[in-house]
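Every number for a ligand or one of its atoms is a count from 1 in the order of the listing. For clarity, every value in this text was computed on a predicted model and none was experimentally measured. If you read the sequence from its start, that first residue is 1, and numbering goes on from there.
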Amino acid sequence: MGTYARQNLVFERGEGVWLITVDGDRYLDLGSGVAVNVLGHAHPRLVAALNEQASKLWHTSNLYRVEGQERLAERLVATTFADKVFFCNSGAEACEAAIKAARRYHFAGGEPERWRIITFNGAFHGRTLATIAAGGNPRYLEGFGTPVAGFDQVPFGDLTATEKAISPETAAIMIEPVQGEGGVNVASAEFMQGLRALCDANGLLLVLDEVQSGIGRSGQLFSYELAGITPDLMAIAKGIGGGFPLGALLATENAARGLVPGTHGSTFGGNPLATAIGLEVLNAVQEEGFLESVRRKSLHIKQSLAAISDNYPGIVQEVRGQGLLVGLKLSVPPADLVAAAREEHLLLVGASDNVVRLLPPLNITDEEIAEAMQRLERALDRVAAART
Ligand SMILES: *Cc1c(COP(=O)(O)O)cnc(C)c1O
């Protein structure tokens, strides 16, 4: 269908940060399939985990216990705030599950009138009917009838406006600690702490969408760790499957109280194949020194970008981001730089607010970063030349 404005590029295989077309052209992939391929392409450990599971068992449904699902849930519980995990297949589904869990939480507590959720300008939570209503982007809502009710949107970073939006009907506050699609907007630690305090004072659940910022991309396993808070509910997806479709909703025992048998479900969610790969992704990301290397590479990239952007004052306005979720705020259309980079065989991803994203695989090497920066400079030269 015509849902995507695709580039005419067909990749046949991948090797780490490289994507290779059917014609044998090599592209340096700093998009990672939109923050998905955290270990790059065809990582031997993920290939081995997939092959091993593929020869045993793919799918049984959630009518039965799934051993790999239990193992992955135990790992997520052991390393995060969560006590409970629900598995699904995508970010939108994880956010949808979070919305349902937040509403059912108050229903189970005898306050069914509390079902509204405060969200933020520039948010992106997926493309289902409820998640486009939560995101509030008019371009994504147009033509789909009356938006799903129950979302109250306030400016990102505005604690006073958030507090004012709380009513007796409010169930939760839902936020991406780093807005990805919205233009790499990083919520300050103070703001995240303020939201936590507002939730505690008003009996609300704090719902985080770490679909993009999670699984090491922030330089921590999850971005919330940097704010020194914990949420009640958290949606994850993208990186957790390393390229295999997998999502999850993480919850405290208390926040999960509404989702009793029959209230929610998924046929594919957490199947043996997906969860075997998810566990191997976590094995790699949680290896000694891995996250530290992400933080070091983040600094390397940001310093390189700062130096480069000084040479293009009419094009690059700002370097921002967290970990390896990096944004270049431009004064030219982001599509121009994405196209120029593609000419240099460098893959970048656009975002709202005139931003281009750099989302490299987390295991990118320093040499590959240096190569990417050279290609980016040449791409900026192209953009500059086209404007004079
Ligand atoms: C990508 C994304 C989603 C939606 O994930 P899908 O897998 O495309 O449904 C939701 N929230 C955030 C923050 C995302 O980046």
Exercise for the section: Would you confirm whether the ring centroid of Phe222 sits within less than 6.0 angstrom of the ring centroid of Phe81? Expected result: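 No, the ring centres sit 6.0 Å or more apart.
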Practice task
Using distance alone, with no hydrogens and no angle criterion, decide if Asn62 and Gln69 have a side-chain donor and acceptor under 3.5 Å apart.
Solution key: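 Indeed, the side chains of Asn62 and Gln69 share at least one donor-acceptor pair under 3.5 Å.
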Handout entry: Modelled atom types, side-chain donor and acceptor of Gln322 and Arg295, under 3.5 Å
Key = no
Hey, does [X] come in under 3.5 Å of ligand 1, counting only N/O atoms on both sides?
X	result
Gly126	no
Val211	no
Glu181	no
His125	no
Phe124	yes

For [X], the ligand 1 atoms whose distance to one of its heavy atoms is below 4.0 Å:
X	result
Ser90	7 (O), 9 (O)
Glu176	13 (C)
Asp209	10 (C), 11 (N), 12 (C), 13 (C)
Ala92	4 (C), 5 (O), 6 (P), 9 (O)
Gly91	4 (C), 5 (O), 6 (P), 7 (O), 9 (O)

Exercise for the section: Taking only Lys NZ, Arg NE, NH1 and NH2, and the carboxylate oxygens of Asp or Glu, determine whether Asp158 and Lys164 approach each other closer than 4.0 Å. Expected result: no
Handout entry: Residues Arg378 and Glu343 bridged, charged N to O under 4.0 Å
Key = no
Problem - Asn185 backbone acceptor or donor facing Arg320 side chain under 3.5 Å - result: no
Honestly, is [X] close enough over [Y], meaning NZ or CZ under 6.0 Å from the six-membered ring centre and within 45° of the axis?
X	Y	value
Arg104	Phe86	no
Arg342	Tyr27	no
Arg116	Phe151	no

Practice task
May I ask you to identify, for Glu93, whether its side chain, its backbone, both or neither come under 4.0 Å of ligand 1 on a heavy-atom basis?
Solution key: neither
Handout entry: Side chain, backbone, both or neither: the part of Ala237 lying under 4.0 Å from ligand 1 by heavy atom
Key =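 Neither; nothing of Ala237 gets under 4.0 Å from ligand 1.
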Handout entry: atom 5 (O) of ligand 1 within contact range, any protein heavy atom under 4.0 Å
Key =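 Yes.
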Practice task
Could you pull out, from Lys238, Glu96, Arg127, Glu210, the option with a heavy atom nearest to atom 1 (C) of ligand 1?
Solution key: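 Answer by nearest heavy atom: Lys238.
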